[in-house]
> 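Submitted below is the structure of interest, expressed as structure tokens.
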Amino acid sequence: MRLEHLPEPRLLFADGTHICPRRGIAEYGVFDLTQETRRDAVLVGGIGTANCIELLSKWIERCRGVIDAPADVKQENLRLPFCGFSAATGFGADIKFSSDLSRTLKNSELKEILAIKNRTERVQMAISYYYKHIKFLAQNRHVDVIVCVIPEPLFKVIATDERPGEETLEADEPRHEELNFRRALKAKSMPLGKPLQLVRQVSLDKTKTAGQQDDATKAWNFCTALYYKSGPTIPWKLEQDSSRASSCAVGISFYRSRDRQTLNTSLAQIFDELGNGLILRGTPVEFDKNDRVPHLSAQQAHDLLTAALNEYRVALRTFPARVVIHKSSNFNEEEIDGLETAARKMNIDAVDFVTIMDSKFRLFRDGNYPPYRGTFASFDDHRHLLYTRGSVWYYQTYPGLYIPQPIELRIVQSEESPAFIAKEILGLTKMNWNNTQFDGKYPVTLGCSRKVGEIMKYLTEADTPQIRYSYYM
């Protein structure tokens, strides 16, 4: 077994590069400050009870200025002070919220929802009330993104239990037909064209600190997500090697319908040069009950990649020289044939196929801490382990709650070296604009497509999915 450590990929900001999104924004500004057509104000709509709206207003006011890191912080790079969201700071834009941009959920409406005994009916009623206000704001106010604040009494009776432990590529499997408030509300509101940010009331209340992140960390994540969701904005993108030909990374994953009777395909494509993503919905796949691994037919694989590459061409007016395809299950010959045929028709020079899976292997290092993020172990030319979570040298700690699980890379076919493929995947773990802590577990190609599937399952065939990731995160 060969073992090496891959350096932390650098991110590109308006006026420099850094490995950390927070430090990069604070010191060099968000990437799209270089674009003259960017907007210099983010208009935020808000929905919640009167108390929730008051808390949201105070929180946004705090986010306009600097928020100090906790006084007793030991890892300074992990608990960085928030730089403030304003035209004069790293975001280079003002955040605007007022009573004109808010809608109040009446206490009587909240009581009506809480009084419903049946959970399904309770969640549906809550979705109905929030949707009513989302629709009004989307159609009658100039808003870029809408924040839905969930009062604690309501959160306790509509929240879906999250499976404890580290994130996995396998989606949670409810025993009954799923009805998830967040996913259903985002799907129902998608045609209105305004991304949503859901936040618990307790997260905005500075008197409630138990189980909460420190305020500076919350502000980094909240404001960066709002900035990205507010429009065609790009907080950062990966630093590219200009000597290499253009490449495009796509992720293919599968999701079950809410009644678990149908298996569908979702695809997330990353435009490296722009830092933008694109979401496409595939078709249902045949599922062999004797084989738990889902596969596309050759025609489905061909059609899916053809659609993705055509969207790429529309955006960049050219095709990439190389395509790397990430899939959360093994490729079969039919899939490879369909994908290669589509790529050849577009004159793509190189197509790499990489299966990315959770692994039960563990590595250990001396001391109490797990291996460093970036630890790369090769069993042979095709099978490898990559620690995308683990001790982070820059943070000087392991910032997770669980024993980190490496991901397994199965390189089916590639024109690039295994180390290059691994470095590329490590970089794509940092392209999640919903979290400014950079040690993401999965590359955005698969992490994104899984999140997309969670929302897609609530759309009907007649619905037209939004192509931007901000509607799914």
> Looking at Trp393, is its backbone amide N or carbonyl O close enough to the side chain of Gln396 to form a donor-acceptor pair, meaning the two atoms are under 3.5 Å apart?
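The answer is yes, because a donor-acceptor pair under 3.5 Å joins these two groups.
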> State whether the side chain of Arg389 and the backbone N or O of Pro404 hold a donor-acceptor pair below 3.5 Å, judged by distance alone.
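Judged by distance alone, no pair lies under 3.5 Å.
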> Both conditions, 6.0 Å and 45 degrees, for the charged tip of Lys430 above the ring of Phe438: are they met here?
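Yes, a cation-pi geometry.
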> Are the charged groups of Arg38 and Asp32 less than 4.0 angstrom apart, N to O?
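Salt bridge between Arg38 and Asp32, a charged N being under 4.0 Å from a carboxylate O: yes.
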> Are any of the side-chain nitrogens in Glu61 or Arg64 under 4.0 Å away from the carboxylate oxygens of its partner?
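The answer is yes: the pair qualifies as a salt bridge.
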> Can Asp215 and Arg62 be counted as an ion pair, charged N to O under 4.0 angstrom?
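Arg62 and Asp215: salt-bridged.
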> Does a donor on one side chain sit under 3.5 Å from an acceptor on the other, for Thr207 and Asp205?
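There is such a pair (donor and acceptor under 3.5 Å, judged by atom type) between the side chains of Thr207 and Asp205.
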> Taking all non-hydrogen atoms of both residues, which atom of His326 and which atom of Thr445 are closest, and how far apart?
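Nearest heavy atoms, His326 then Thr445: ND1-OG1, 2.8 Å.
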> For the residue pair Arg468 and Tyr228, would you count it as a cation-pi contact if the rule is NZ or CZ under 6.0 angstrom from the ring centre and within 45 degrees of the ring axis?
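Yes; both conditions hold, so Arg468 lies above the ring face of Tyr228.
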> Any donor-acceptor pair under 3.5 Å linking the side chain of Thr104 with the backbone of Lys106?
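Such a contact is absent between Thr104 side chain and Lys106 backbone.
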> Got more than 12 heavy atoms from elsewhere within 6.0 Å of CG, Asn368?
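Not buried by this count: 12 neighbours or fewer within 6.0 Å.
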> Could you give the distance from NZ (Lys194) to OG (Ser470), rounded to the nearest 0.5 Å?
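Nearest 0.5 Å value for the NZ-OG distance: 11.0 Å.
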> Taking it one step at a time, do Val30 and Thr233 satisfy side-chain contact (heavy atoms from CB on, under 4.5 Å)?
CA-CA 9 Å; Val30 289; Thr233 51; over 6 Å; no
> Tell me which one of Lys186, Arg183, Arg256 satisfies salt bridge (charged side-chain N to carboxylate O under 4.0 Å, His left out) with Glu454.
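Going through the options one by one, the only one that passes is Arg183.
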> Check Phe376 against Pro418 and note the closest heavy-atom contact, atom names and distance.
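Scanning both residues, the minimum pair turns out to be CZ-O, 3.7 Å.
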> Are Met190 and Ile455 close enough, and set up right, to give a side-chain contact (heavy atoms from CB on, under 4.5 Å), and what steps lead you there?
CA-CA 10 Å; Met190 192 173 287; Ile455 308 294; 3.8 Å; yes
> Salt bridge check: are Glu54 and Lys58 linked by an N-O gap of less than 4.0 Å?
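Between Lys58 and Glu54 there is a salt bridge, with a charged N closer than 4.0 Å to a carboxylate O.
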> Given the rule in the side-chain contact (heavy atoms from CB on, under 4.5 Å) test, do Leu238 and Leu428 qualify, once you have shown the distances and angles that lead to the verdict?
CA-CA 8 Å; Leu238 280 172; Leu428 290 171; 4.1 Å; yes
> Ser246 versus Pro320: any side-chain heavy-atom pair under 4.5 Å?
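Yes, side chains in contact.
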> Distance check, rounded to the nearest 0.5 Å: Gln212 atom CD versus Arg200 atom CZ?
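Rounded to the nearest 0.5 Å, the CD-CZ separation comes out at 6.5 Å.
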> Please name the pair of heavy atoms, one in Thr375 and one in Tyr372, separated by the smallest distance, quoted to 0.1 Å.
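Closest heavy-atom pair between Thr375 and Tyr372: OG1-O, 2.6 Å.
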> Could you tell me whether Glu109 and Lys132 make a salt bridge, using a distance below 4.0 angstrom between a side-chain N and a carboxylate O?
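Looking at Glu109 and Lys132, the cut-off is met.
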> Parallel, tilted or perpendicular: which one describes the rings of Trp59 and Phe222, with boundaries at 30° and 60°?
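The arrangement is perpendicular - the two ring planes meet at more than 60°.
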> With a 3.5 Å distance limit and no angle check, can you tell me whether Thr224 reaches the backbone of Thr436 through a side-chain donor-acceptor pair?
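Here the side-chain-to-backbone pair does not exist.
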> Can you tell if the side chain of Trp220 reaches within under 4.5 Å of the side chain of Leu80, non-hydrogen atoms only?
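They are in side-chain contact.
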> Under 4.5 Å between any side-chain heavy atoms of Arg244 and Glu416, yes or no?
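Touching, per the 4.5 Å side-chain cut-off.
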> Can a donor-acceptor pair be found between the side chains of Glu112 and Tyr129 at a distance below 3.5 Å?
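Side-chain D/A pair, Glu112 to Tyr129: present.
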> Could you check if a side-chain atom of Ile134 sits within less than 4.5 angstrom of a side-chain atom of Leu192, using non-hydrogen atoms only?
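A side-chain contact under 4.5 Å exists here.
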> Heavy-atom distance under 4.5 Å between the side chains of Arg362 and Pro406, does that happen here?
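Result yes, sub-4.5 Å side-chain heavy-atom pair found.
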> Carefully, step by step, assess Asp439 and Gln437 under the rule side chain to side chain donor-acceptor pair (under 3.5 Å).
CA-CA 6 Å; Asp439 59 331; Gln437 185 175 306; 3.0 Å; yes
> Using only atom types and a distance under 3.5 Å, with no angle test, would you say the side chain of Tyr387 pairs donor to acceptor with the backbone of Leu363?
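At least one qualifying donor-acceptor pair exists.
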> Does NZ or CZ of Lys188 come closer than 6.0 Å to the centre of the six-membered ring of Tyr131, within 45° of the ring's axis?
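Pair Lys188/Tyr131 counts as cation-pi.
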> Got Cys52 and Leu204 here, is their nearest side-chain heavy-atom distance under 4.5 Å?
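No, every pair of side-chain atoms sits at 4.5 Å or beyond.
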> Check whether any side-chain heavy atom of Leu226 lies under 4.5 Å from a side-chain heavy atom of Val147, and answer yes or no.
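Yes, at least one pair of side-chain atoms sits under 4.5 Å.
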> Please check if the number of heavy atoms outside Glu76 that lie under 6.0 Å from its CD is greater than 12.
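Count not over threshold, so no.
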> Please determine whether the number of non-hydrogen atoms from other residues, nucleotides or ligands lying under 6.0 Å from atom NE2 of His5 exceeds 12.
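Correct, the count exceeds 12.
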> Identify the heavy atoms of Arg373 and Thr388 that sit nearest to each other, and give their distance.
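What the structure gives for the nearest pair is NH1-O, 2.8 Å.
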> Please report the interatomic distance CD1(Ile325) to CD1(Ile356), rounded to the nearest 0.5 Å.
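Answer for the CD1-CD1 pair, Ile325 versus Ile356, is 12.0 Å.
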> Kindly determine whether Asp214 and Arg79 satisfy salt bridge (Lys or Arg N to Asp or Glu O under 4.0 Å), including the steps that lead there.
CA-CA 8 Å; Asp214 64 84; Arg79 299 283 182 261; 3.4 Å; yes
> Asn140 side chain to Phe136 main-chain N or O, any donor-acceptor pair under 3.5 Å?
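Yes, the answer is positive, given that a donor and an acceptor are paired below the 3.5 Å cut-off.
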> Decide whether Lys327 and Ser329 meet the rule of one side-chain donor and one side-chain acceptor closer than 3.5 Å.
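Yes.
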> Would the number of heavy atoms belonging to other residues, nucleotides or ligands and lying under 6.0 Å from NZ of Lys206 be above 12?
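For Lys206, atom NZ is not crowded (no more than 12 foreign heavy atoms under 6.0 Å).
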> How far does CD1 of Ile421 sit from CG of Leu409, to the nearest 0.5 angstrom?
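If I round to the nearest 0.5 Å, the distance is 9.0 Å.
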> Quick one: CD1 on Ile127 to SG on Cys148, what's the gap to the nearest 0.5 Å?
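That separation rounds to 11.0 Å.
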> For the backbone of Gly231 and the side chain of Tyr227, can you confirm whether one donor and one acceptor N or O come within less than 3.5 Å of each other?
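Between the backbone of Gly231 and the side chain of Tyr227 there is no qualifying donor-acceptor contact (under 3.5 Å).
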> Show your working on side-chain contact (heavy atoms from CB on, under 4.5 Å) between Thr397 and Val392 and close with a plain yes or no.
CA-CA 6 Å; Thr397 190; Val392 179; over 6 Å; no
> How far apart are the closest heavy atoms of Tyr130 and Pro151, and which atoms are they?
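For Tyr130 and Pro151, the tightest heavy-atom pair comes out as OH-CD, 3.3 Å.
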> Are the aromatic ring centres of Phe91 and Phe85 under 6.0 angstrom apart?
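For Phe91 and Phe85, the ring centres are under 6.0 Å apart.
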> Would you compute the distance between atom CG of Asp68 and atom CZ of Phe82 and round it to the nearest 0.5 angstrom?
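If I round to the nearest 0.5 Å, the distance is 12.5 Å.
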> Taking Arg258 for its side chain and Lys457 for its backbone only, find out whether a donor-acceptor pair lies under 3.5 Å.
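Pair absent, no side-chain N/O of Arg258 close to backbone of Lys457.
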> Checking the side chain of Lys451 only, and the main-chain atoms of Tyr469 only, is there a donor and an acceptor separated by less than 3.5 Å?
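Such a contact is absent between Lys451 side chain and Tyr469 backbone.
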> Any Lys/Arg nitrogen of Lys441 or Asp358 sitting under 4.0 Å from an Asp/Glu carboxylate oxygen of the other?
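Salt bridge present between Lys441 and Asp358.
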> Above 12 or not: heavy atoms from other molecules or residues under 6.0 Å from CZ of Phe379?
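Atom CZ in Phe379 is crowded, with more than 12 foreign heavy atoms closer than 6.0 Å.
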> Checking Lys237 side chain against Phe31 main chain: does a donor-acceptor pair fall under 3.5 Å?
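Here the side-chain-to-backbone pair does not exist.
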> Mind listing the closest non-hydrogen atom pair of Ser102 and Ser99 along with its distance?
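What the structure gives for the nearest pair is OG-O, 3.0 Å.
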> Should Leu154 and Ile113 count as side-chain neighbours, where that means a heavy-atom distance under 4.5 Å?
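Yes, side chains in contact.
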> So that I can tick it off, tell me whether Arg410 and Glu408 are bridged by a salt bridge, with the cut-off set at under 4.0 angstrom between side-chain N and carboxylate O.
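A salt bridge links Glu408 with Arg410.
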